[in-house]
Amino acid sequence: MVDYTSQAGPGARFLYKVIHNDAIKADPPQIYGWRAFMMAFSACFGGMLFGFDIGTIGGVLTLPAFMKKYGLDKLNAKAQADLSQNIASTLQAGCFFGCFLASWVSDRWGRRTSLIAMGLITIVGCIIQSASSGSLPSMYIGRLVAGFGVGGASMVVPLYISENAPRAIRGGLTGIYQLFIATGTMLSFWVNYGAILHLHGATSYIVPLALQALPAVLLVGCMLLNKESPRFLAKQDRWEEATKTLARVRNLPTDHEYVQSEINDIAEQLEHERMLIGGSGTMDLLREMFTIPGNRKRAFISIGLMICQQMTGTNAINYYAPQIFKNLGLQGNTTKLFATGIYGVVKMTACSLFLLFAVDSLGRRRSLLWTSIAQGLAMFYIGLYVRISPPIPGEKVPPAGYFALVCIFLFAAFFQFGWGPVCWIYVSEIPTARLRSMNVAIAAATQWLFNFVVARATLTMMATVGAHGYGAFLIYGSFCFSMFFFVWFLIPETKGMSLEKMDDLFGVTELVKNLEADREAQHAPTHELGADNKEALHVEKREVAST
């Protein structure tokens, strides 16, 4: 193994100090240049689409002008909660179907093209929302259309980054997706806060709704400057273009041994995959995903991780933070939106620290384990506080109440140190090349399905599951504790591994070797003595072992 540390520039030397895995010192330092990071930042504006909507709609639903225009102020608490949840969750319905639309587009025309298309669709949806002018059907249609774009981007972004990123920092680069979600959430929280302070009438909610399109504009503009994924090009047998694109993002010449080695690994994996099934239609890929044990395990892990991510309750807070802060005793829209803005800052800061110092050093598995317990403890404290000593309207928040507020911020930090970024990293890096797009699409659709469940149910839970909704916090906390056992028994560590080595981890490579050995044995000549004491040559026929 060659040690390249003596050849490293300042940027690579910094990475050597903060990232500790075997791969980073074995690979050329040139690959850790600015192009790898700009590629990730460009694609991750697709994550900001998601984050901006999360923060925007939760605050907009509490703005007096919006409530009056759309008739929320005339409803009782239960009806108001139902209508608010309908508006918020319509986007998730679009996101669910957008994942499969983007999977088809990304496999047919490429990851880059798919991201550009999803950005344009989101812009159209944001325009419809901004121009709905009190019409609920128009608002629903706008959020549904935007959902196609947001959901599609959520599926393609981690896919595109994982296929371009160097293996040693793939976790950090893919995790930038979660950082941009947190950044978008934070920015939208402060947009809502600024709107209630400085805007009046309809503009107080039209401006936040319109600004949801800003990340989409940046996504389209930045992706026009990027190249297609080299692994997608290789899958299309465009090998010369794939080699040039890989060399460009690695900042190395096309004939460099590292580039050639990576291209050879891609070619070998694709050949192994074609040997197992052969066809490339949807049914062929689904059969390959669910009949081969290693692939089936990866699919179920991806689905399980995304269900767990949503059942932490993170998006219950993201969507309805102002309402939750009210239940904890904070009064006044300005105060609640300010607290929500601080919550966004905590999320973004914690995610940045995790990606910089922990994701490719501490690893994926450990991060999920300790944050499961930490999140559960935070949720349980909040639930027990509002059950035992609920806030009294008009009175000051007691010290125990302030600690409950702190637990909201601690929960946000814990989530960003594990279940936020790590789930997206896992689902984008563990699938085999032929199945990566479909696997990520299924995982992302699962995430949006349970995101929809959380967005649709949380306010009802807050109103019906115990006083001040204490039962909702206990339910989410219980899910957090149970996730510890899911990770402990089922989730392997993947830090520092190349995408092509994931087949080794899940046993698919061994299956291919056995298949190759059987095929060679089927055609191998064997010798035996005939009746005339002369060697008779025959070929032993052997059935290929069933997979």
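None of the values given here were measured: they were computed from a predicted structure.
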Side-chain contact, heavy-atom cut-off 4.5 Å: Val150 with Trp448?
yes

I'd like to check Met306 versus Ile442 (side-chain heavy atoms, cut-off strictly below 4.5 Å). Are they in contact?
no

Looking at Glu429 and Lys495, does any basic side-chain N land under 4.0 Å from a carboxylate oxygen?
no

Closest approach of Thr314 to Gln309 (non-hydrogen atoms, all atoms of both residues):
CG2-O, 3.8 Å

Where does the angle between the aromatic ring planes of Phe100 and Phe96 fall among parallel (under 30°), tilted (30 to 60°) and perpendicular (over 60°)?
perpendicular

Can you see which heavy atom on Phe414 is nearest to which on Thr371, and at what distance?
O-CG2, 3.2 Å

Check: Val453 and Gln310 side chains under 4.5 Å, non-hydrogen atoms:
no

Flag the pair Arg238 and Glu228 as a salt bridge only when some basic side-chain nitrogen lies within less than 4.0 angstrom of an acidic carboxylate oxygen.
no

Assign the ring pair Trp109 / Trp104 to parallel, tilted or perpendicular, where the plane angle (0 to 90°) is split at 30° and 60°.
perpendicular

Once you round to the nearest 0.5 Å, how far does CG of Asn251 lie from CZ of Arg35?
5.5 Å

Got a list of side-chain donor-acceptor pairs under 3.5 Å for residues 116-132, not counting sequence neighbours?
unit_1	atom_1	unit_2	atom_2	d
Thr122	OG1	Met118	O	2.9
Gln129	OE1	Arg143	NH1	3.4
Gln129	OE1	Gln212	NE2	3.4
Ser130	OG	Cys126	O	2.9
Ser130	OG	Ala210	N	3.2
Ser132	OG	Tyr70	OH	2.5
Ser132	OG	Gln129	O	2.8

Trp424 side chain near Val157 side chain, heavy-atom distance below 4.5 Å
no

From Gln30 CD over to Tyr258 OH, what is the distance, rounded to the nearest 0.5 angstrom?
11.0 Å

In terms of the angle between their ring planes, are Phe148 and Phe97 parallel, tilted or perpendicular, with boundaries placed at 30° and 60°?
tilted

Nearest heavy-atom neighbours spanning Cys407 and Ala378:
O-CB, 3.8 Å

Would you say the side chain of Met483 lies within less than 4.5 Å of the side chain of Trp419, judging by non-hydrogen atoms?
yes

Going by the angle between their ring planes, with limits at 30° and 60°, are Phe189 and Tyr343 parallel, tilted or perpendicular?
tilted

Which heavy atom in Phe52 sits nearest to a heavy atom in Pro215, and how many Å separate them?
CD1-CG, 3.8 Å

Trace of the side chain to side chain contact (heavy atoms under 4.5 Å, CB included) decision for Ser229 with Asn164
CA-CA 6 Å; Ser229 158; Asn164 278 279; 3.9 Å; yes

Among Arg111, Arg231, Arg170, which residue satisfies the side chain to side chain donor-acceptor pair (under 3.5 Å) criterion with Glu163?
Arg111

Derivation and outcome, side chain to side chain contact (heavy atoms under 4.5 Å, CB included), residues Val454 and Phe450:
CA-CA 6 Å; Val454 170; Phe450 281 83; 5.6 Å; no

According to side chain to side chain donor-acceptor pair (under 3.5 Å), who are the partners of Ser367, at least two apart in sequence or on a separate chain?
none

Cys44 vs Leu179 side-chain heavy atoms within contact, under 4.5 Å:
no

Is the shortest heavy-atom distance from the side chain of Met39 to the side chain of Ile161 under 4.5 Å?
yes

Please evaluate residues Lys244 and Glu241 with respect to the criterion side chain to side chain contact (heavy atoms under 4.5 Å, CB included), reporting the C-alpha separation (whole Å), side-chain torsions for both, the decisive distance (0.1 Å), and the verdict.
CA-CA 5 Å; Lys244 289 180 180 178; Glu241 194 176 348; 5.8 Å; no

What one should report as the nearest heavy-atom pair of Met139 and Ile87 is CG-CG2, 4.1 Å

Compute the ring centroids of Tyr193 and Trp190, then answer whether they are less than 6.0 Å apart.
yes

For a 4.5 angstrom cut-off between non-hydrogen side-chain atoms, does Leu355 reach Pro421?
yes

Rounded to the nearest 0.5 Å, how far apart are CZ of Phe411 and CZ of Phe415?
6.5 Å

Quick one: pull up CZ in Phe50 and OH in Tyr177 and give me the separation to the nearest 0.5 Å.
6.5 Å

Value for CZ (Arg248) from OG1 (Thr243), rounded to nearest 0.5 Å, stands at 15.0 Å

Neighbour count above 12 (heavy atom, 6.0 Å) for Phe479 CZ:
no

Step by step, work out the side chain to side chain contact (heavy atoms under 4.5 Å, CB included) result for Leu83 and Leu136.
CA-CA 10 Å; Leu83 182 55; Leu136 279 172; 4.1 Å; yes

What pair of heavy atoms forms the shortest contact from Asn439 to Ser302, and how long is it?
ND2-OG, 2.9 Å

